[in-house]
Amino acid sequence: MAFALPPLPYAYDALEPYIDSTTMNIHHTKHHNTYVTNVNNVLAGENGGALKGLSLSAIQKEVVSLPDSIKTAVRNSGGGHWNHSFFWSVMGKTGSIAEAPTGDLKSSIESTFGSFDEMQKKFNTAAASRFGSGWAWLSVNADGQLFISSTPNQDNPLMEGIVDQPGTPILGLDVWEHAYYLKYQNRRPEYIASWWKTVDFDVIAKNYTAAKSGGLPAFDTPLA
């Protein structure tokens with residue numbers, strides 16, 4: 001068993017001008033690919049049997065119970081692989097995506113946060129205030145309620161027993177500097193504001209429906 005780098009569901013320049021093609025290429029072929037390589041090294045190593053038969057999503061849920069000898073590597077690299085695979089899936093080319101929530105997702109956002117604008121503000125604050133490297137998330141908790149959180153490094157809400165607020169992510173934003181520095185330098189809030197133009201709310205709605213029924217987001221995590 002070994003994971004492969006999933007292809008992007010769009011061209012490297014598809015998210016221009018909001019996310020530049022050079023950043024997308026480096027982010028995908030270098031940073032994401034390194035996480036894939038490193039988690040595969042764990043799988044091939046002495047204690048890789050602890051991950052045998054587990055999907056990438058299942059690995060996230062099992063991190064807390066893994067042997068200490070591989071826990072940190074799997075948390076960082078397995079988390080990095082899952083987070084990036086998920087991240088690519090929630091974005092798309094402007095003009096070809098649903099740029100605002102509708103239906104049950106819209107109603108749930110308004111019920112939980114008061115309005116879509118208020119949800120964005122809270123999400124933006126979580127993303128901008130994450131010290132150092134990490135992620136911001138919109139997730140569904142065990143009671144079916146939406147919540148916003150932020151995690152350090154490559155942690156994600158699936159890592160129950162590790163993160164403060166476990167749940168099922170339906171939207172996530174990478175706020176590591178490698179995700180935005182070439183275009184935005186130290187202007188993380190500007191990157192966050194621009195990124196919303198790439199979010200495909202049809203995908204987020206599907207993720208929400210899956211999470212509400214106890215499922216997980218669907219995206220490509222191919223095996224080598």
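Computed from a prediction, not measured in an experiment: that's the story for all the values here.
Side-chain atoms of W82 and S57 form a donor-acceptor pair, as typed in the model, at a separation below 3.5 Å. Residues T23 and D20 bring a donor and an acceptor atom of their side chains to less than 3.5 Å of each other. With no hydrogens or angles considered, a side-chain donor-acceptor pair links H32 and H81 at under 3.5 Å. In this structure, a donor-acceptor pair under 3.5 Å is absent between the side chains of S115 and E118. With hydrogens and angles left out, the side-chain atoms of T94 and Y18 include no donor and acceptor closer than 3.5 Å. A donor atom on one side chain and an acceptor atom on the other are not found under 3.5 Å apart for N33 and H28. In the model, H27 has a side-chain atom that pairs as donor or acceptor with a side-chain atom of H178 under 3.5 Å.
Of all non-hydrogen atoms in D155 and N83, the two that sit nearest each other are O-ND2, 3.4 Å. Between V199 and L171 the shortest heavy-atom distance is CG1-CD1, 3.9 Å. S149 approaches Q165 most closely through the heavy-atom pair CB-OE1, 3.4 Å. Of all non-hydrogen atoms in G79 and Q60, the two that sit nearest each other are CA-OE1, 3.3 Å.
Heavy atoms from other residues, nucleotides or ligands lying under 6.0 Å from NZ of K206 number 12 at most. Counting heavy-atom neighbours within 6.0 Å of Q120 CD, excluding the residue itself, gives a total above 12. Crowding of K122 atom NZ: a count of heavy atoms from other residues, nucleotides or ligands under 6.0 Å not exceeding 12.
Electrostatic pairing of E110 and K106 counts as a salt bridge here, judged by a charged N lying under 4.0 Å from a carboxylate O.
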CA sep, side-chain torsions, deciding dist, call: N153, S133, side-chain hydrogen bond (donor to acceptor under 3.5 Å, both in side chains): CA-CA 5 Å; N153 303 316; S133 301; 5.5 Å; no
Derivation of the side-chain hydrogen bond (donor to acceptor under 3.5 Å, both in side chains) call for Y184 and S194: CA-CA 10 Å; Y184 296 98; S194 295; 3.2 Å; yes
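For N25, the side-chain hydrogen bond (donor to acceptor under 3.5 Å, both in side chains) partners two or more places apart in sequence, or in a different chain, are T29. Take F123 and apply the ring-ring contact (aromatic ring centres under 6.0 Å, His included) test, not counting sequence neighbours, and it matches W195, W196.
E16 contributes a side-chain N or O that, together with a main-chain N or O of S21, makes up a donor-acceptor pair within less than 3.5 Å. Formation of a donor-acceptor pair under 3.5 Å by the W137 side chain with backbone atoms of N156 is not found in this model. Judged by distance alone, the side chain of K197 and the main-chain N or O of E99 form no donor-acceptor pair under 3.5 Å. Side-chain atoms of R75 do not come within 3.5 Å of backbone N or O of M159 as any donor-acceptor pair. Without hydrogens or angle criteria, S150 side chain to W135 main chain gives a donor-acceptor distance under 3.5 Å. Remark: the backbone N or O of T125 is paired with a side-chain donor or acceptor of S129 at under 3.5 angstrom.
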